[in-house]
Amino acid sequence: MNFESFGEQTVAIHAGEAPDALTGASAPNIVMSTTFAVDANTGFSVETMNENDPWLYTRWGNPTLHQLELKLAALERAEAAVVFASGMGAISALLLHLLKAGDHAVVSDVAYAAMSELTNDVLPGLGIEITRVNTADAASVADAVRPDTRLVYIESPCNPLLRLTDIAAVADIAHGAGARLVIDSTFATPAATRPLALGADFVVHSLTKYLCGHGDALGGAVLGSRADLAPLRKKTAIRLGGSLSPFNAWLIMRGMATFPMRMRVHEDNAMRVASFLESHPKVSRVIYPGLPSHPQYELARRQMRNFSGILTFGMADGRAEAARMAPKLRVVHYAVSLGHHRSLLFYLHGEDLLKSSFRLGSPQQLQSWHEFAGEGLFRLSVGLEDADDIIADLRQALDD
Ligand SMILES: *Cc1c(COP(=O)(O)O)cnc(C)c1O
C-alpha cells in the first residue's frame, strides 16, 4: 500500500501492517523464529541474496523487522530502512559501511557522546581521519572538506547542546566535495524534519527515544535510498550482527502508532515548561528551539515543524543543585535517555564532558560550547504527563 496521500497519524498506525493472512489477526504477530523452512535450492551466502527472497535467517531479515522497516520508511518518506539493535548499532554499521582506511570524514564536534567517542580513537585506529567542526557554522564545514572527504556527519538539534545545523546548506557543501551527508535525526524526529528532502543521504534514528517512546526497547535505524541501503544491509548490517530482536521491533511499532500525536504533546508541554524555567530566578539560561531566545530561532522555525520535547537549562553550581534536586523529584525521573512518555532530567557537567567525549580544538568551538552549555547543563526530556504536574514537581525541587 502506498501511503503518500495519507496523513502522518494514519501512516504511523497502518504503514507496514495488514491483517494476518492466515488468522485475520488485526495487530501484527511477533515472529520470533530465528530460522525459516526453505526449499533445497536455497543459497547460503548473503552474496547471492536478493531483496525478494523468502525469509531464511532472522539476522538477514524477518517478517516483524520488515514491518517495522516499512513503517519507519513511510514515516520518514524514505525509500528504505534497515533496523538495528540500538542507535549506536545503526551508527557503527553505517560508518563502517561508508568509510575505509585512507578516507577522511568531517563530523560535528558535539554529537551523541558514544558516537563522538567512536570518532576519538576507534575510527582513527582503523586509518580513518576525522576532522571535527562546529557544523552550525556552515563556513567551517566548507573549510574542512577535502578531495578525500567521504562523509559529513551532523546532528540537528545536537545532543546535548540543542545547537542546530542548516541541513540544506551542509548538504550542498558535502555534495560539492563528493561526500555523503549523514544526519542523526533522533532529537528532531520525522515529526519535525525530513532531512532526506533537504538533501541528506542517510538519516539515523535511535528508536530507543521518541519513536518507541515508552522507554522499554532499545533499537536503531538507518534510512535512505534503496540503492544505498541494499549494500549496507549486505555489507555491515548482516555481517556485524547488531540485529534487533523481533520482540523489540514489535514494541517499537506499537509505540510508533501514537508517535505523531505524542510529539504534539511533547512540544506543547516543553513550551510550557521552558517558559516556566525561563521565569524562574534560579535558572540562568534555557535553551529550547521553540523559544525566541534560542540563538538559532529563525533556523528552527524554518527547519522544524515541531520543536520536539527536549530542553536544557543552566543554574549556578549545577552539580550541587543536581544532587540536591534529584531525591526531591516525584514526577520527573532523574535518569539518562530521552523521548519517553516519562519526563527525564539529567545534569551534564561541562568540563567532564569536554574531557571524556568531545575534543574542541579552536577558540571558536569552545566559545560556541560555552554559549550553549555554560558551566554545565540540565537536560530535561519533557514527557507526556500533565504539564501542570511537571512544572509543580520542578518548582518544588528548585525551591528550597
Ligand atoms: C540515544 C542516542 C543515540 C544512541 O542510541 P542507542 O539506542 O542508545 O544506542 C544516538 N544518537 C542520539 C542523538 C541519541 O540521543
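Every heavy atom of this structure was used, including side-chain atoms; hydrogens, water molecules and symmetry mates were not. Both counts, for ligands and for their atoms, begin at 1 and track the order of listing. Position 1 is the first residue of the sequence, and the numbers go up from there.
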Applying salt bridge (charged side-chain N to carboxylate O under 4.0 Å, His left out), can you list everything that pairs with Asp388, at least two apart in sequence or on another chain? Arg272
Would you mind listing each N/O atom of ligand 1 next to any protein N/O under 3.5 Å, plus the distance?
{"residue": "ligand 1", "atom": "5 (O)", "partner": "Ser206", "partner atom": "OG", "Å": "3.0"}
{"residue": "ligand 1", "atom": "7 (O)", "partner": "Gly87", "partner atom": "N", "Å": "2.8"}
{"residue": "ligand 1", "atom": "7 (O)", "partner": "Ser206", "partner atom": "OG", "Å": "2.9"}
{"residue": "ligand 1", "atom": "7 (O)", "partner": "Thr208", "partner atom": "OG1", "Å": "2.7"}
{"residue": "ligand 1", "atom": "9 (O)", "partner": "Gly87", "partner atom": "N", "Å": "3.0"}
{"residue": "ligand 1", "atom": "9 (O)", "partner": "Met88", "partner atom": "N", "Å": "2.8"}
{"residue": "ligand 1", "atom": "11 (N)", "partner": "Asp184", "partner atom": "OD2", "Å": "2.6"}
{"residue": "ligand 1", "atom": "15 (O)", "partner": "Asn159", "partner atom": "ND2", "Å": "3.4"}
{"residue": "ligand 1", "atom": "15 (O)", "partner": "Lys209", "partner atom": "NZ", "Å": "2.8"}

May I ask you to test the Arg319-Glu375 pair for a side-chain heavy-atom distance under 4.5 Å? no
Under a 4.5 Å cut-off applied to non-hydrogen side-chain atoms, are His205 and Ser185 in contact? yes
Can Glu17 and Lys71 be counted as an ion pair, charged N to O under 4.0 angstrom? yes
Do Ile238 and Ile91 land in one hydrophobic cluster if side-chain heavy atoms of ILVMFWY residues count as linked below 4.5 Å? no
Asp143 and Ser140: side-chain hydrogen bond (donor to acceptor under 3.5 Å, both in side chains), yes or no, with the steps? CA-CA 5 Å; Asp143 286 346; Ser140 317; 5.9 Å; no
